[in-house]
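The structure under discussion appears below in the form of structure tokens.
Note that the coordinates shown come from a computational prediction; the quantities given were computed from them, not determined experimentally.
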Amino acid sequence: MKKVRESYDSDMAAMNLQSNLIPGLNLNALGLFPSGAPGMGPSMSSVPPPGAHGGCSSFGGHPESETVHLFIPALAVGAIIGKQGQHIKQLSHFAGASIKIAPAEGMDAKQRMVIIIGPPEAQFKAQCRIFGKLKEENFFGPKEEVKLEAHIKVPSFAAGRVIGKGGKTVNELQNLTCAEVVVPRDQTPDENDQVIVKISGHFFACQLAQRKIQEILAQVRRQQQQPKPTSGAQPPLPRRK
């Protein structure tokens, strides 16, 4: 029992470390770890990880839905969809996300865009399964790491915060996450006044970069919601009768 307890405590400590590394994810909601075991006491997985509020709406505390465009080899589309669409349906149900594959942009397109819509935990599970499926189906070599490109859209006014002064923030993001993070210059914002941030790398690098960027966007939203300081002018005093 002592050995089992030590092993359990070690696993929970490792999980808590992961929650610090990938802020904004509720690991308990992922279903990767038990919420507790008989006689073991409460699990740390029931405690929201630091920064978890970053992916939640300030209205009611429910996780906000995010949209990520993940690019996969065009030849892998059949494996992701599965026979009669069964695999993509099962994947969508498992992750709790909407998963669709966009039409090819041309006859010779080498990549296809997978549109994933869901909260942070759904994004983690869906993207993890897609990375794993590509490896399982040998679209990457046995010693080759699966590296994909993901696009997320950010408000054009917040793009500068992602880049940072002189590119400081985006450079720090790349050093921290080991992912390539690029905000293409001279982008024309879309109809929703949003621009694209490109993230390339292996699964955990992409996840950490996505969460860090969402954390920056959450800070921008909170700052916008703070009441603006009023001017120092005093209201006129009521006249004495």
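Between the CD atom of Gln187 and the CZ atom of Arg185 there is a distance of 11.5 Å, given to the nearest 0.5 Å. Taken from CD1 in Ile152 to CD1 in Ile199, the straight-line distance is 4.0 Å, to the nearest 0.5 Å. In this structure, the separation between CD1 on Ile115 and NE2 on His151 is 12.5 Å, given to the nearest 0.5 Å. Taking CD of Glu215 as the start and CD of Gln219 as the end, the distance is 6.0 Å to the nearest 0.5 Å. The CG atom of Leu217 sits 14.0 Å away from the NZ atom of Lys153 when rounded to the nearest 0.5 Å. Rounded to the nearest 0.5 angstrom, Arg221 CZ and Gln214 CD are separated by 6.5 Å.
Closest approach of Gly118 to Ser65, counting heavy atoms only: N-OG, 3.5 Å. Heavy-atom minimum distance, Gly201 versus Phe131: O-CE2, 3.9 Å. Counting all heavy atoms, side chain and backbone alike, Ala109 lies closest to Glu105 at CB-N, 4.3 Å. For Gln123 against Ile116, the heavy-atom pair with the smallest separation is NE2-O, 3.1 Å. Nearest approach of Lys147 to His202, heavy atoms of both residues: CG-N, 3.8 Å. Thr67 approaches His69 most closely through the heavy-atom pair CG2-NE2, 3.8 Å.
Phe204 and Val68 sit in two unconnected hydrophobic clusters of ILVMFWY residues. Membership requires side-chain heavy atoms under 4.5 Å apart, directly or through other members. In the hydrophobic cluster analysis, where Ile, Leu, Val, Met, Phe, Trp and Tyr join through side-chain heavy atoms closer than 4.5 angstrom, Val195 is grouped together with Leu173. Ile196 and Val154 sit in two unconnected hydrophobic clusters of ILVMFWY residues. Membership requires side-chain heavy atoms under 4.5 Å apart, directly or through other members. Under the 4.5 Å side-chain heavy-atom criterion for ILVMFWY residues, a single connected hydrophobic cluster contains both Leu148 and Ile101. Under the 4.5 Å side-chain heavy-atom criterion for grouping Ile, Leu, Val, Met, Phe, Trp and Tyr, Met113 is not connected to Ile130 through any hydrophobic cluster.
Side-chain atoms of Gln174 and Asn171, non-hydrogen and from C-beta on, do get closer than 4.5 Å to each other.
Within a 6.0 Å sphere centred on NZ of Lys133, heavy atoms belonging to other residues, nucleotides or ligands number more than 12.
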Ring pair (Phe, Tyr, Trp, His ring centres under 6.0 Å) for Phe124 and Phe203? Distances and angles first, verdict last. CA-CA 9 Å; Phe124 185 97; Phe203 173 69; 5.1 Å; yes
Please assess Thr169 against Val162 for the test side chain to side chain contact (heavy atoms under 4.5 Å, CB included), listing each intermediate value before the final yes or no. CA-CA 6 Å; Thr169 304; Val162 176; 5.8 Å; no
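With hydrogens and angles disregarded, a donor-acceptor distance shorter than 3.5 Å links the side chain of Lys135 to the backbone of Glu144.
Not counting sequence neighbours, the partners of Asp193 by the side chain to side chain contact (heavy atoms under 4.5 Å, CB included) test are Ser156, Pro189.
For the residue pair Gln111/Glu149, the side-chain donor-acceptor check at 3.5 Å is not satisfied.
By the 4.0 Å N-to-carboxylate-O rule, Glu66 lies close enough to Arg211 to be salt-bridged with it.
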What side-chain donor-acceptor pairs closer than 3.5 Å can you find for residues 70-99, not counting sequence neighbours?
| from | atom 1 | to | atom 2 | distance (Å) |
| --- | --- | --- | --- | --- |
| His87 | ND1 | Ile80 | O | 2.8 |
| Ser92 | OG | Ala97 | O | 2.4 |

